[in-house]
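Below: one structure, written as structure tokens.
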Amino acid sequence: MVNIKAILGDITKQGNVDAIVNAANTSLLGGGGVDGAIHRAAGPELLEECRTLHGCKTGEAKITGAYKLPCVYVVHTVGPIWRGGNSSEDELLKNCYINSLLVAKRKGIRKIAFPSISTGVYSFPLNRAAEIAVKSVCDFVDAHPEMFDLIEWVCFDEETLEAYSKQIKKLFGESKEPVFPDDDELADKNRITVKTDWWKTLDMPEKHEVFTFKRTFSPEQMEKLKKGHIPEEMEDKWFWYMEGNTLYAHRSWTGFCIYIISFSEDGNHTVTVNREPSQYKETIIEKDEKLINNLLDWWA
Ligand code: AR6
């Protein structure tokens, strides 16, 4: 399932995606805003390649290499200039997103980052642009659910982040802790398949405990566990993911994996408890066992 999110940042610094999208102009020969930043970071070869494309119409998209940028491709799309709303601006903005995704798809791109197209120099009202952007991407993803792993907006300021986050929450719902929604459909929408290379796990400290506990899981519960979970805010929240039959449970953004649970087919599972030495003084196995069972009730 695709992970759709908005983050605060500079799109030229995104190394976790295969492609970034440029909010260009019809000449494709560079400009200000995010376009200028992308050309500066990519180096002059990007302009060289853009010259061979002979421009791009509003709402359409073309693709180039990324040169010195940390990703592989740049998709160039041309957003509409805001002229009051009666000049097909909405439709053209929607086309930017759809055509960018189609062009990316043809190159086998699975992770892509967008800027907030048209809301800078081109003056498209921010909330309206965010609504169209997120809706267009969601419709595309609904029609092609297996095509992308990550589609994100890299927002340059808080106001833009807020606008896109609001729309994403509206369409995808907000994942809540510690009670997972009863409604299965909503619960599934909030789940993304967590990838193990999204963060760094620190080496296990010398002091750690190991114990076993008994519990059985239905195949459906196992499937849910296998998807993993990342809360929207990472600070002081649980997140987990599975690799093979082993579940890694982290809390917050620290690199320490607190519980490593190796599931065994005979129902006797092994837990390794991993304390971050400065935060946890001692391990009381009964307490850990209780907590793990509570967490598994919630996660499975
Ligand atoms: N990373 C992410 N977002 C950025 C960055 C960055 N490094 N820099 C700016 N933004 P704009 P448009 C944000 O004006 O409205 C150019 O001259 C910015 O804060 O770049 O589609 C082109 O050549 C805003 O939220 O694009 C065209 O002539 C968003 O990116 C024209 O501007 C879009 O702002 C296109 O105008």
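Whatever order the structure lists ligands and atoms in, that order sets their numbers, starting from 1.
No donor-acceptor pair closer than 3.5 Å links the side chain of T160 to the backbone N or O of F156.
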Any protein N or O within less than 3.5 Å of an N or O in ligand 1? List each pair with its distance, or say none.
unit_1	atom_1	unit_2	atom_2	d
ligand 1	1 (N)	I11	N	2.9
ligand 1	7 (N)	D10	OD1	2.9
ligand 1	14 (O)	V121	N	2.8
ligand 1	15 (O)	S118	O	3.4
ligand 1	15 (O)	T119	N	3.4
ligand 1	15 (O)	G120	N	2.8
ligand 1	15 (O)	V121	N	3.2
ligand 1	15 (O)	Y122	N	3.1
ligand 1	17 (O)	G32	N	2.7
ligand 1	20 (O)	V34	N	2.7
ligand 1	21 (O)	S118	N	2.8
ligand 1	23 (O)	N25	ND2	2.7
ligand 1	23 (O)	D35	OD2	2.7
ligand 1	28 (O)	N25	ND2	3.4
ligand 1	28 (O)	Y122	OH	3.2
ligand 1	34 (O)	G120	N	3.4

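Scanning for side-chain contact (heavy atoms from CB on, under 4.5 Å) contacts around P125 gives W82, R128, with sequence neighbours left out.
Checked by atom type, the side-chain pair T64/Y73 shows no donor-acceptor distance below 3.5 Å.
Between F217 and H269, the ring planes are tilted. Angles from 30° to 60° get that label.
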I'd like a table of donor-acceptor pairs (distance under 3.5 Å, sequence neighbours excluded) in which one partner is a side-chain atom from residues 28-42, with atom names and distances.
unit_1	atom_1	unit_2	atom_2	d
D35	OD1	N22	ND2	2.7
D35	OD2	G31	N	3.3

Can you give the donor-acceptor pairs under 3.5 Å from side chains of residues 7-16 to other protein atoms, not counting sequence neighbours?
unit_1	atom_1	unit_2	atom_2	d
D10	OD1	T12	N	2.9
D10	OD1	T12	OG1	2.7
D10	OD2	T12	OG1	3.3
Q14	NE2	D10	O	3.0

